Amino acid sequence: MNRRHAVLALALAAGLGLSAPARAADANTVYLDTKDGRITIELRPEIAPKHAQQLKTLIKRGFYDGLKFHRVIDGFMAQTGDPKGNGTGGSDLPNIPAEFSSAPFKRGTVGMARSQDPNSANSQFFICLADAPFLNNQYTVVGVVTSGMDVVDKIKKAASGAPGGTVQNPDKIVKMQLAEGAK
């Protein structure tokens, strides 16, 4: 190995250079902080580009900071992203057309919440607490939890029999940010 290659190898080993794939990963990595810790989500723009972009836009605005996990059903999912906190709200951005894919809804999958209209996703999303194959090809997969499922599991659940999985005194998102701009 010549001197130039040795210097390059040392620089890379020291983390002084990021490859294009590493920069792309950072651009699609989301940190969602709760009172119990951090959840890391990898957005999937290759299968849901419009949904991933909408989330990024809202994250950069600080839209999600302080929002409630208003609907949490044990053994199913934890839902957030509604500024009204009751499942009926969204952002001031337009709704997004469905981007269904073959990606399955498994534990840790992040999906976009919507009304009966498949093209009504806006700002609300959910994290699967367990596999949910009945959602496949019915909802848009927008990401996956890559670390922090132990934190997801600690999100306060609705009481058994609570209508619609509504949580009383729900947990909140403390801060949600993109890794590339994280402090």
Side-chain angles (χ1 to χ4, degrees), residues 28-44 47-48 51-52 54-59 61-91 95-96 98-101 103-116 118 120-179 182:
N28 293 306
T29 301
V30 175
Y31 297 140
L32 188 162
D33 294 324
T34 73
K35 66 178 179 51
D36 293 310
R38 176 166 282 177
I39 302 162
T40 303
I41 298 168
E42 191 65 30
L43 296 177
R44 302 277 315 271
I47 60 172
H51 289 77
Q54 183 111 327
L55 289 180
K56 287 182 188 182
T57 298
L58 293 171
I59 291 165
R61 288 184 180 179
F63 176 85
Y64 292 103
D65 299 352
L67 294 188
K68 300 172 183 176
F69 283 94
H70 63 277
R71 183 174 183 235
V72 185
I73 301 172
D74 194 23
F76 177 33
M77 60 87 211
Q79 185 172 328
T80 186
D82 175 11
K84 292 183 178 181
N86 63 11
T88 65
S91 75
N95 289 347
I96 315 159
E99 293 178 302
F100 299 154
S101 69
F105 279 89
K106 297 190 163 292
R107 176 173 161 78
T109 299
V110 180
M112 292 298 288
R114 61 172 177 79
S115 69
Q116 296 292 345
S120 63
N122 186 285
S123 62
Q124 293 187 49
F125 64 92
F126 58 90
I127 302 170
C128 290
L129 302 174
D131 292 357
F134 53 90
L135 298 177
N136 293 350
N137 300 305
Q138 304 294 317
Y139 287 80
T140 298
V141 172
V142 71
V144 63
V145 172
T146 57
S147 68
M149 275 307 291
D150 58 321
V151 177
V152 175
D153 289 335
K154 292 176 184 172
I155 296 170
K156 184 178 179 184
K157 318 278 185 303
S160 181
T166 302
V167 181
Q168 297 300 314
N169 300 311
D171 287 344
K172 296 178 181 179
I173 297 172
V174 173
K175 184 167 186 63
M176 196 163 163
Q177 60 189 323
L178 293 170

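These figures come from a predicted structure and were not determined experimentally.
- Taking the side chain as every heavy atom from C-beta outward, V144 and K106 never approach each other to under 4.5 Å.
- Using a 4.5 Å cut-off on side-chain heavy atoms (C-beta onward), I73 and Q79 make no contact.
- Under the salt bridge (charged side-chain N to carboxylate O under 4.0 Å, His left out) criterion, D171 pairs with K35, not counting sequence neighbours.
- The nearest pair of heavy atoms linking L43 to A52 is CD1-O, 4.0 Å.
- Distance check, rounded to the nearest 0.5 Å: CZ of F69 to CD1 of I173 gives 4.5 Å.
- Rounding to the nearest 0.5 Å gives a distance of 11.5 Å between CG of L32 and NZ of K175.
- The heavy-atom pair separating F126 from M112 by the smallest distance is CE2-O, 3.6 Å.
- By the side-chain hydrogen bond (donor to acceptor under 3.5 Å, both in side chains) test, D65 is found to be paired with no residue, residues two or more places apart in sequence or in another chain being considered.
- With a 4.5 Å cut-off on side-chain heavy atoms, Q124 and H70 count as touching.
- Side-chain contact between Q177 and D33 is present, with at least one heavy-atom pair separated by less than 4.5 Å.
- Looking at V151 and R38, their side chains never come closer than 4.5 Å, going by heavy atoms from C-beta outward.
- A donor-acceptor pair under 3.5 Å links the side-chain atoms of S120 to the main chain of S115, judged by distance alone.
- What you find for V167 and A158 is that their closest heavy atoms are CG2-N, 3.7 Å.
- Side chains of T40 and S147: a donor on one and an acceptor on the other come within 3.5 Å.
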Legend entry - From CA spacing to verdict: side chain to side chain contact (heavy atoms under 4.5 Å, CB included), Y64, L55: CA-CA 9 Å; Y64 292 103; L55 289 180; 2.9 Å; yes

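- Between Q54 and S91, some side-chain heavy-atom pair lies under the 4.5 Å cut-off.
- Qualifying side-chain hydrogen bond (donor to acceptor under 3.5 Å, both in side chains) partners for T88, counting only residues two or more places apart in sequence or in other chains: N86.
- One finds the CE atom of M176 at 10.5 Å from the CZ atom of F63 (value rounded to the nearest 0.5 Å).
- A distance-only check finds a donor-acceptor pair linking the side chain of D82 to the backbone of G89 [under 3.5 Å].
- Atom OG1 in T34 sits 6.0 Å away from atom CD1 in I155 (nearest 0.5 Å).
- A donor-acceptor pair is defined here as one N or O able to donate and one able to accept, closer than 3.5 Å; no such pair exists between the side chain of K56 and the backbone of V30.
- Counting only heavy atoms from C-beta outward, the side chains of F105 and D131 never approach each other to under 4.5 Å.
- When all heavy atoms of A103 and R44 are compared, the pair lying nearest together is CB-NH1, 4.4 Å.
- Taking a 6.0 Å sphere around NZ of K172, one finds it holds 12 or fewer heavy atoms contributed by other residues, nucleotides or ligands.
- Legend: ring-ring contact (aromatic ring centres under 6.0 Å, His included) pairs involving residues 130-167, not counting sequence neighbours, sorted by first then second residue: F76-F134.
- Not counting sequence neighbours, the partners of D153 by the side-chain hydrogen bond (donor to acceptor under 3.5 Å, both in side chains) test are R107.
- Looking at heavy atoms from C-beta onward, L129 lies in side-chain contact with K157 at the 4.5 angstrom threshold.
- Across every non-hydrogen atom of P118 and A98, the tightest pair is O-CB, 3.4 Å.
- For N95, the side-chain hydrogen bond (donor to acceptor under 3.5 Å, both in side chains) criterion is met by N122, not counting sequence neighbours.
- Between I59 atom CD1 and L178 atom CG the span is 5.0 Å, to the nearest 0.5 Å.
- The minimum heavy-atom distance linking S123 with G90 is given by the pair OG-CA, 3.4 Å.
- Annotation: the span from F125 atom CZ to T140 atom OG1 amounts to 14.5 Å, rounded to 0.5 Å.
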